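Nothing here was measured: the structure is a model prediction, and the numbers come from that model. Sequence lines set the chain letters: A, B, ... in the order given, protein chains first and strands last, and positions in each chain run from 1. What's counted below: heavy atoms across the whole structure, side chains too, no hydrogens, waters or symmetry copies.
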Amino acid sequence: MYDRIKGFRDFYPEEMQSRRQVMDTVESAARRHGFREIGTPALESAEMYADKSGEEILEELYAFEDKGGRQVALTPELTPTVARMVVARQQELSKPIKWMSTRPFWRYEQVQQGRFREFYQTNIDIFGSSEPTADAEILAVAATALTDLGLTGEDFDFRVSHRDILGGLLASFEGDIDTEAAIRAVDKRAKIDADEYADLLTDAGLTTAQIDDFDALLETGEDGLDELIEFAGTDRVESAVENLQAVLDATVDLGVREYCTLSLTTARGLDYYTGVVFECFDSTGEISRSVFGGGRYDDLIEGFGGQPTPAVGFAPGYATLSLLCQRAGVWPEESLSTDYYVLQVGDTRDVAARIAGQLRDRGHVVESDVSGRSFGAQLDYADSINAETVVIVGEQDLADGNVTLKDMESGDQIAVPVDSFPGGDDRPTYDDFA
RNA sequence: UCCGGGCUGGGGUAAUGGUAUCCUUUGGGCUUGUGGUGCCCAAGACGCGGGUUCGAUUCCCGCGCCCGGACCCA
C-alpha cells in the first residue's frame with residue numbers, strides 16, 4: 001500500500017457528486033453574469049511568483065527544475081497567470097474582460113482545517129473597468145452563488161472594506177508609521193487581546209493617543225463615513241470613502257446589499273489590493289477563518305508589463321466553502337443516484353441493450369449487468385446504487401411480450417408490453433403504467 | 001518550521017510482551033425470477049523502519065499519514 005501525499009485528497013463518487021454540484025452552482029452564477037471560462041497551465045515559471053511576491057515565496061511553492069533546466073512551480077494561485085494572459089493579448093481583447101476558471105492549485109504549507117496542499121478554487125475576475133458597478137457585480141456574483149447553494153443572509157456575511165481608507169487614515173497621522181505593519185495588526189485584531197494589539201500598533205509607530213483615535217475610527221459604522229473624511233482631511237481618504245460608498249450603493253440595485261457589512265477591520269493580505277476588499281465570513285462564527293475573499297487590484301496588470309488596467313475579482317475555495325455549507329446544512333447529500341437499472345434474466349441481452357440504449361439517449365443514468373450476476377445479485381446491486389426503477393427483462397416476460405417495471409422504493413411492479421417501452425414518455429416509471 | 005492528539009481488515013471496534021475479538025463491508029452461494037429481512041462459505045488489519053526482548057501489534061526512538069492549533073495566507 002502506498003500512502004497518500006500529505007495535504008492531497010481523494011474524492012470518492014459520493015463526495016465527488018456533492019462537490020461537482022457545488023462547483024457547478026458557483027460556475028453557473030458566474031456564467032449567467034457573462035463570465036467566460038478559461039483554461040490555464042498547472043505549471044508556470046517560478047520566476048513569475050518570485051518577482052511578484054519575493055524569493056521567500058518559493059519556500060511555500062512546489063517548485064523545481066524541469067528536465068530542460070527551467071525553474072518551474074505548480075501554480076499556487078491564478079492571478080499571475082491571468083495577468084500574464086491579459087497582458088499577452090491586451091490589444092485584441094474587448095473590455096471589460098470577464099473570465100472565470102475552476103481548478104486545483106498547490107501550495108507547500110501546513111495542513112489545517114479548511115486548508116490543504118492541493119485545493120480547488122473558482123477564480124472570477126473583471127479586467128478593464130474601474131467603475132464601482134464592476135466591484136458591485138463581483139459582490140453580486142459571489143452572493144448569487146452562495147444563495148443558489150441554499151445559503152441565506154443568516155449564514156454568511158460579506159465584510160467590505162477599502163484598502164485606501166486604512167492606508168489613508170494611517171498616512172494622516174503624524175510621525176513615521178509602518179503602514180504595512182499597522183494593517184497586519186488590524187488584520188489580527190479579532191484574534192489577539194487588546195494589549196497585544198496595542199503593542200503591535202506601537203511597534204508600527206503609533207502613539208498611544210493615535211492608537212485610541214485609530215481604533216475608534218475603525219469602529220465607524222455605515223452612517224459615519226463622513227467622519228473619516230473629516231478626521232483625515234485628505235483627498236485620498238475622501239475619494240476612498242466615496243468609492244466605497246458608490247460600490248455599496250451599486251449593490252442595492254443588484255439586490256445584494258443586504259449581504260454586505262462595512263467592516264474597516266477587515267484588512268486581508270492587502271499586498272496587491274488597491275481599492276474595495278471584502279471577505280466572506282460564517283455569520284455564526286463557527287468557522288474561525290474567512291471562507292473566501294476578493295477585491296480590487298488596479299496595479300497588477302501594469303506590474304506585469306501591460307498597459308494600466310483596473311481589475312477586480314474574487315476566488316472562492318471549496319475547502320472552506322464546503323465547511324460553510326455543511327455548517328449551514330445545505331451541503332448536497334452524498335449518495336449516488338441512478339435512474340434505471342435494466343435487469344437481465346437469461347439470454348435477453350439484445351432486448352436489454354435496446355431498452356438501456358433508448359433510455360440513455362434520453363439522457364438518463366442507466367446501468368445494466370456487466371458481471372454475469374444472478375437475479376438476486378442484480379437487484380442487490382441496483383439497490384446499492386439507489387436505482388429508482390428496475391426494468392426486468394426476463395425470458396418469461398418476453399415470452400408473454402412483456403418487460404416488468406419495478407419501483408425500487410415501494411417494491412411494486414407491473415408488466416408492460418415490451419414493444420411500447422420506453423415508449424413516448426421521456427421518463428417512464430412504474431406510476432405511469434399502474 | 002513549531003506545538004498538541006491520534007494510527008488494529010475498506011469502515012467502526014476489542015484484547016494482548018506469545019499474530020488478534022465483534023459488528024459492518026466486499027465477493028460468492030442458498031435462489032438464471034425478486035433488493036432494502038435470514039443462513040452458509042470466502043476475502044480482508046496491527047502505518048513504515050530501527051531498537052530492547054527468546055519473542056513486539058503491545059515498550060522505546062525515528063519517519064510517514066490523519067485531526068486540531070501557531071506562523072503564513074499571495
Undergrad: Going from CZ on A/F105 to CG on A/L78, what distance comes out if it is rounded to the nearest 0.5 angstrom?
TA: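 With rounding to 0.5 Å, CZ (A/F105) is 4.5 Å from CG (A/L78).
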Undergrad: When the distance from CG of A/D383 to P of B/U37 is rounded to whole Å, what number comes out?
TA: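 Value for this atom pair: 8 Å.
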Undergrad: Whole angstroms only, please: what is the NZ-P distance between A/K188 and B/A70?
TA: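 After rounding, the gap between these two atoms is 11 Å.
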Undergrad: To the nearest 0.5 angstrom, please state how far the NZ atom of A/K95 sits from the OG1 atom of A/T309.
TA: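 With rounding to 0.5 Å, NZ (A/K95) is 7.0 Å from OG1 (A/T309).
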Undergrad: Looking only at atom C1', what distance separates B/C66 and B/C48, rounded to whole Å?
TA: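 Taking atom C1' in both B/C66 and B/C48, they lie 15 Å apart.
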Undergrad: If we take the C1' atom in both B/C2 and B/C71, what is their distance in whole Å?
TA: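 Result for the C1' pair: 8 Å, nearest Å.
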Undergrad: Taking atom P in both B/C54 and B/C65, what distance in whole Å separates the two?
TA: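 Nearest-Å result for B/C54 against B/C65 at atom P: 35 Å.
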Undergrad: Rounded to the nearest 0.5 Å, what's the gap from CG on A/L201 to CD1 on A/I183? Could you check?
TA: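 Here the rounded value is 11.0 Å.
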Undergrad: Does A/Q396 make a side-chain donor-acceptor contact with the base of B/G33, cut-off 3.5 Å?
TA: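 Under the 3.5 Å cut-off, the side chain and the base do form a donor-acceptor pair.
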Undergrad: Nearest whole angstrom, please: distance from the C1' of B/A74 to the CZ of A/R163.
TA: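 After rounding, the reported distance stands at 14 Å.
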Undergrad: Apply the test salt bridge (Lys or Arg N to Asp or Glu O under 4.0 Å) to residues A/E196 and A/K188: give CA-CA distance (whole Å), side-chain angles for both, the deciding distance (0.1 Å), then the verdict.
TA: CA-CA 10 Å; A/E196 277 180 88; A/K188 287 185 182 167; over 6 Å; no
Undergrad: Looking at RNA chain B, which of residues 316-348 of chain A put a heavy atom within less than 4.0 Å of it?
TA: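 The stretch gives A/V345, A/G346 as the residues lying under 4.0 Å from the strand, ordered by number.
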Undergrad: According to side-chain hydrogen bond (donor to acceptor under 3.5 Å, both in side chains), does anything in residues 413-422 of chain A pair up with another residue at least two apart or in another chain? List the pairs.
TA: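 The answer is A/K406-A/Q413.
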Undergrad: Checking contacts here: which listed nucleotide (B/A74, B/C67, B/U32) is nearest the side-chain heavy atoms of A/E395?
TA: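 Closest nucleotide among those given: B/U32.
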Undergrad: Quick one: which of B/G33, B/G69, B/A74 gets closest to the side chain of A/P76?
TA: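 Between B/G33, B/G69, B/A74, the one nearest the side chain of A/P76 would be B/A74.
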Undergrad: Separation of A/F314 atom CZ from B/C73 atom C1', in whole Å?
TA: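 It works out to 19 Å between those atoms.
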Undergrad: Please, what dot-bracket string fits RNA chain B when only Watson-Crick and G-U pairs with both distances under 3.5 Å count, crossing ones use [ ] and pairs to another strand use |?
TA: (((((((..(((.....[...)))((((((.......))))))...(((((..]....))))))))))))....
Undergrad: Between B/U57 and B/G17, how far is it from one C1' atom to the other, in whole Å?
TA: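 Nearest-Å result for B/U57 against B/G17 at atom C1': 10 Å.
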Undergrad: Between B/A70, B/C66, B/G29, which one does the side chain of A/S374 approach most closely?
TA: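 Closest nucleotide among those given: B/G29.
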Undergrad: Which label fits B/U32, syn or anti, where anti is any glycosidic angle not within 90° of 0?
TA: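 Chi for B/U32 falls in the anti range.
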Undergrad: Give a yes/no on whether any side-chain N or O of A/Q113 is located under 4.0 angstrom from OP1 or OP2 of B/G69.
TA: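 Indeed, a polar side-chain atom of A/Q113 lies that close.
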Undergrad: Round to a whole Å and report the spacing from CD1 of A/I5 to P of B/G64.
TA: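 To the nearest whole Å, that distance equals 11 Å.
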Undergrad: Is there any side-chain hydrogen bond (donor to acceptor under 3.5 Å, both in side chains) pair reaching into residues 344-364 of chain A, and which pairs are they, with sequence neighbours excluded?
TA: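 The answer is A/Q344-A/S368.
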Undergrad: Could you measure between the two C1' atoms, the one in B/A14 and the one in B/U24, and give it in whole Å?
TA: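 The same atom, C1', in both gives a distance of 15 Å.
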Undergrad: Whole-Å distance between B/U37 P and A/D380 CG?
TA: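 Rounding to the nearest Å, CG of A/D380 and P of B/U37 are 10 Å apart.
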Undergrad: RNA chain B: A/E109 or A/L379, which has the more 5' nearest nucleotide?
TA: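 Looking at the nearest nucleotide for each, A/L379 comes out on the 5' side.
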Undergrad: Report yes or no: is there a donor-acceptor pair, N or O only, under 3.5 Å between the side chain of A/R184 and the base of B/C72?
TA: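 Such a pair does not exist between side chain and base.
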Undergrad: Suppose you measure atom P in B/G51 against the same atom in B/G10; what distance do you get, rounded to whole Å?
TA: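 That atom pair is separated by 27 Å.
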Undergrad: Does the side-chain hydrogen bond (donor to acceptor under 3.5 Å, both in side chains) test come out yes or no for A/S290 and A/R159, once each step is laid out?
TA: CA-CA 10 Å; A/S290 97; A/R159 299 186 190 166; over 6 Å; no
Undergrad: So with a 6.0 Å cut-off around CD of A/E409, is the heavy-atom count from everything else above 12?
TA: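 Open.
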Undergrad: Would you mind telling me which of B/G33, B/C67, B/G69 lies closest to the side-chain atoms of A/F116?
TA: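 Output: B/C67.
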Undergrad: Who pairs with A/D369 by salt bridge (Lys or Arg N to Asp or Glu O under 4.0 Å), at least two apart in sequence or on another chain?
TA: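 Not a single residue meets the salt bridge (Lys or Arg N to Asp or Glu O under 4.0 Å) criterion with A/D369.
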Undergrad: Flag this pair as yes if the NZ/CZ of A/R117 is under 6.0 angstrom from the six-membered ring centre of A/F8 and inside a 45 degree cone about the axis; otherwise no.
TA: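 No, A/R117 does not lie over the aromatic ring of A/F8.
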Undergrad: Among residues 398-420 of chain A, which ones have heavy-atom contacts with RNA chain B below 4.0 Å?
TA: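 Heavy-atom contacts with RNA chain B come from A/T404, A/K406, A/M408, A/E409, A/G411, A/Q413.
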Undergrad: In whole angstrom, give the distance that lies between atom CZ of A/R4 and atom C1' of B/C7.
TA: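 In whole Å, B/C7 C1' and A/R4 CZ are 13 Å from each other.
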Undergrad: Within the 4.0 Å heavy-atom criterion, would you say A/L61 contacts the bases, only the backbone, or no part of the nucleic acid?
TA: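 Counting heavy atoms under 4.0 Å across all strands, the contact made by A/L61 includes a base.
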Undergrad: Any side-chain heavy atom of A/L264 within less than 4.5 Å of one from A/L217?
TA: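 No, their side chains stay 4.5 Å or more apart.
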Undergrad: Determine the Euclidean distance between corresponding P atoms of B/G44 and B/G55; express it in Å to zero decimal places.
TA: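 B/G55 and B/G44 have their P atoms separated by 28 Å.
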Undergrad: Do A/E47 and A/R84 sit within salt-bridge range, that is, some charged N less than 4.0 Å from a carboxylate O?
TA: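 A salt bridge is absent here (no side-chain N lies under 4.0 Å from a carboxylate O).
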Undergrad: When rounded to the nearest Å, what value does the distance between P atoms of B/A42 and B/U37 take?
TA: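 Comparing P positions in B/A42 and B/U37 gives a spacing of 24 Å.
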Undergrad: Salt-bridged, A/R427 to A/E388, with N to O below 4.0 Å?
TA: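 Yes, charged N to carboxylate O under 4.0 Å.
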Undergrad: As a test of reading the structure: which of B/C72, B/C66, B/G33 is closest to the side chain of A/F375, going by heavy atoms?
TA: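 The answer is B/G33.
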Undergrad: Do A/E37 and A/R31 have side-chain heavy atoms sitting under 4.5 Å apart?
TA: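 A side-chain contact under 4.5 Å exists here.
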Undergrad: Within this structure, what is the CG-to-C1' distance between A/N123 and B/A74, rounded to whole angstrom?
TA: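 My rounded result for the distance is 12 Å.
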Undergrad: Would you say the side chain of A/R115 and the base of B/C73 hold a donor-acceptor pair, judged only by whether the two atoms sit under 3.5 Å apart?
TA: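 Looking at the base of B/C73, it does pair with a donor or acceptor on the side chain of A/R115 (distance under 3.5 Å).
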Undergrad: Indicate, with a heavy-atom threshold strictly under 4.0 Å, whether A/R373 touches base, sugar-phosphate, or nothing.
TA: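 Here A/R373 touches the backbone only, sparing every base.
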